[in-house]
Amino acid sequence: MELILDRVSKRYPNGVQALQEVSLTISTGMFGLLGPNGAGKSSLMRSIATLQHIDAGAITFDGVDVVREPEKLRERLGYLPQEFGVYPKVSAHDMLDHLAQLKGLSNRAHRRDVVESLLKKTNLWQHASRRLGGFSGGMKQRFGIAQALLGNPRLLIVDEPTAGLDPEERARFHHLLTEISSGVVVLLSTHIVSDVAELCQQMAILAQGRVVLQGNPLEVTDALEGRVWKRFVTPDELAAMQGRLTIIASRSVAGRRLVHVYATERPDADFEPVAPDLEDVYFHALHAAKAP
Ligand code: ADP
């Protein structure tokens, strides 16, 4: 079972080219789509979910031509959009039951079992009669997953699901995604590098509508081995480096500024080699994509 994107392009009526010849092959398990805001992640997710048309290219899922037969894709799709609205006054149980009816689960006893098992799976069973308006961000996202899993989807799309979650909620949400990803294609879009580092066997980085890197997170990280160097700098030193060196990260560590630089050889004696992480890969790929 595979989701195949072949040179998918999308331009909005206002002239923004959101996707440019995006080609990816995505198998079962968790696939991370990483990119900064505006990279085109949501545009890609909405196109795969058949919520908008593409201008060119092809999308197939498990042999189904998604563009020609969108209804067939929808039967197998679970989707958690970036903005997932709920009725605040309705309980989790009643909302999920209602959504299950809309999904076509008309048999009452069967529906009751499905709703109960999904609320248990997402750890919300003890809150089933609480109103959704009182849910925390993490609980809302887990409810979002429960509704996305109605109808046993084979393709699950989750768009920036961990934005705004605190670390504990995020860990719990990660755990849930890992649990449900076996035998299912899960496409996770995020601008949070650690989401992908922690969860995904495969990933792609999107920038300005193009795929700038794809692969296994560990392998793409290994590929940078020996090319990342670190050094603490003062603001003046940092300014002097700009333009001269390829700075891929500059972050505060205990009140001091630490830079990571990409270079095939040690830039100067003050730099130390550092084992690359996925964040280095990400910023290097974005930097390389921008370079003329
Ligand atoms: P991401 O999800 O990575 O933040 P988006 O897919 O939302 O990126 O956006 C990609 C580009 O397309 C951005 O420049 C954005 O402003 C533009 N865009 C997104 N949706 C629309 C739309 N409905 N109409 C016009 N431009 C859009």
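Remember, it's 1-based here, ligands and their atoms both numbered in the order they're listed. Throughout, numbering of the chain's residues begins at 1 and tracks the sequence. What you are looking at is a predicted structure, and each value in this text was computed from that prediction instead of being measured.
Note on residues 183-195: pairs passing salt bridge (charged side-chain N to carboxylate O under 4.0 Å, His left out), not counting sequence neighbours, are Arg170-Asp195.
Taking a heavy-atom cut-off of under 4.0 Å, ligand 1 is surrounded by Tyr12, Asn14, Val16, Ala18, Pro36, Asn37, Gly38, Ala39, Gly40, Lys41, Ser42, Ser43, Arg46.
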Next item on the list: Show the numbers, then the answer: is there a side-chain hydrogen bond (donor to acceptor under 3.5 Å, both in side chains) between Ser91 and Arg130?
Entry: CA-CA 5 Å; Ser91 75; Arg130 272 178 66 181; over 6 Å; no

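In this structure, Gln147 contributes its side chain and Gly144 its backbone to a donor-acceptor pair below 3.5 Å.
For Gln82 and Ser42, the side-chain atoms include at least one donor-acceptor pair closer than 3.5 Å.
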Listed pairs under 3.5 Å, donor-acceptor, residues 206-219 side chains, sequence neighbours left out:
residue: Arg210; atom: NH2; partner: Gln20; partner atom: OE1; Å: 2.7
residue: Asn216; atom: OD1; partner: Leu218; partner atom: N; Å: 2.8
residue: Asn216; atom: OD1; partner: Glu219; partner atom: N; Å: 3.1
residue: Asn216; atom: ND2; partner: Gln201; partner atom: O; Å: 3.1

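In the hydrophobic clustering (ILVMFWY side chains linked at under 4.5 Å, chained through shared members), Met241 is joined by Trp229, Val233, Leu238, Leu245, Ile247, Val259, Val261, Phe271.
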